[in-house]
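Let me begin by presenting the structure, written as structure tokens, before commenting on it.
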2 protein chains.
Amino acid sequence: MSDTFAIGELGRATDTKVETVRYYERIGLLSQPRRTSGNYRAYDRGHLNRLSFIRRSRDLGFSLDQVRALLDLADQRDRPCEAVDEIARGHLAEVERKIADLEALRDELRGMVRQCGHGSVRDCRIIEALSPGDALAAAPG
Amino acid sequence: MSDTFAIGELGRATDTKVETVRYYERIGLLSQPRRTSGNYRAYDRGHLNRLSFIRRSRDLGFSLDQVRALLDLADQRDRPCEAVDEIARGHLAEVERKIADLEALRDELRGMVRQCGHGSVRDCRIIEALSPGDALAAAPG
DNA sequence: GCTTGACCCTGTAGTTGCTACAGGGTCTAT
DNA sequence: ATAGACCCTGTAGCAACTACAGGGTCAAGC
């Protein structure tokens, strides 16, 4: 096996649909690979790493714009660190906020699932937990 | 104040944009309310409860399809609640996976910020941290 | 050397879950 | 009667894909 990959191989290696790979290229997130004589895209290991990074970041809830910023950050290894440090700190704060949000969500879901008595929907605590509280459910007066 | 609400009131009560309320109606998630003589939507407390349920579920990260399923289940009071439990469990598993991934990223960013106080970012490992394991990152042979 | 089938190409339109107009109608108050 | 806040329908836009349609390429097998 050579050092280049067709788009399908790249897709399988990164769990990305072929159309999505082309989409990333179209919006400039993934650089244009060289083409074979038959006009097929020929990717190298750099593309593979970059795409892996993109996919994982997306999975973690970063927007494409944020992924772009992260990639720039990773690319500017020669630059003095200060400008980059700020971006990194910003991302760190955001990641920490995201973790906190998800943990709160997880706790709620855990509470729901734990309380589920496996009875009928009538007694289902999950549904109950999702239903509005007193302030909205009951009319005053 | 009467027992019915205009769309704007409903929106304010549930922190939902008016356009979003109409959107939920259009896709059949919220039933059509009766109309006033002037063709204004007139919602009742049932709509308010249902919309609250939808918004809360959305807030907890359930997709509209999942919300639809939950609503259907909530309506079938005699059915066993296993299906509800399954939706919640599936969602919980997803949330837990995301937290674990974000924690890995957080640790990387923390290390980076700590390391990166002065000098260059040469040792930045964020790409590596988010890149796939050996199977993909290193070519065999 | 010709076909079959897996793969690739471009381009465009659809999806989800909203959100934002445009171009109007209604209602309440002054 | 006129201003302003609200409502109506309809359509188009957004992010981030995803799914075609209508073709071209290429290795394998007969």
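Everything numeric in this text was worked out from a predicted model, so none of it was measured. Residue numbers begin at 1 in each chain, while the letters A, B, ... track the order of the sequences.
To the nearest angstrom, C1' of C:dG11 lies 14 Å from CG of A:Asn39. Atom CG of A:Leu64 is separated from atom P of D:dC14 by 15 Å (rounded to the nearest Å). Summarising the geometry, the separation between OH on B:Tyr43 and P on D:dC7 is reported as 10 Å, rounded to the nearest angstrom. Rounded to whole Å, atom C1' of C:dT15 lies 13 Å from atom OH of A:Tyr23. Taking atom NZ on B:Lys17 and atom P on D:dC7, their separation rounds to 15 Å, with Å as the unit. Computed from coordinates, the A:Asp15 CG to D:dT18 C1' distance equals 14 Å when rounded to whole Å. One can place CG of B:Leu29 at 13 Å from C1' of C:dC18, the figure rounded to the nearest angstrom. Computed from coordinates, the B:Arg26 CZ to C:dA20 P distance equals 14 Å when rounded to whole Å.
The side chain of A:Arg41 approaches C:dC9 more closely than any other nucleotide in the set C:dC9, D:dT18, C:dC18. The side chain of B:Arg35 has D:dT9 as its nearest neighbour among C:dC8, D:dT9, C:dC18.
Across all strands shown, B:Ile7 has heavy atoms under 4.0 Å from sugar-phosphate atoms exclusively, and none from any base. Within the 4.0 angstrom heavy-atom criterion, base atoms lie near B:Arg22.
Nearer to the 5' terminus of DNA chain D, by closest-nucleotide assignment, is the contact made by B:Arg12 (compared with the other of B:Arg12 and B:Glu19). Residue whose closest nucleotide on DNA chain C sits further toward the 5' end, between B:Ser63 and B:Gly38: B:Ser63. In terms of position on DNA chain D, the residue among A:Tyr24 and B:Glu25 whose nearest nucleotide sits closer to the 5' end is B:Glu25.
OP1 or OP2 of C:dT16 has not a single side-chain nitrogen or oxygen of B:Arg58 nearer than 4.0 Å. Considering only side-chain N and O atoms, B:Thr20 lies under 4.0 angstrom from the phosphate OP1 or OP2 of C:dT19.
Residue A:Tyr40 places a side-chain atom within donor-acceptor reach of the base of D:dG24, judged by atom type and a 3.5 Å distance cut-off alone.
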Between B:Arg26 and B:Glu19, does a salt bridge (Lys or Arg N to Asp or Glu O under 4.0 Å) hold up when you go through it step by step? CA-CA 10 Å; B:Arg26 205 161 63 241; B:Glu19 288 95 338; over 6 Å; no
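In this structure, OG on B:Ser31 lies 3.0 Å from NE2 on B:His47, to the nearest 0.5 angstrom. Atom CG of A:Asn49 and atom CZ of A:Phe53 lie 11.0 Å apart (nearest 0.5 Å).
Of the candidates B:Leu10, B:Leu51, B:Leu48, B:Leu10 is the only one forming a side-chain contact (heavy atoms from CB on, under 4.5 Å) with B:Tyr43.
A donor-acceptor pair under 3.5 Å is formed between the side chain of B:Arg58 and the backbone N or O of B:Phe62.
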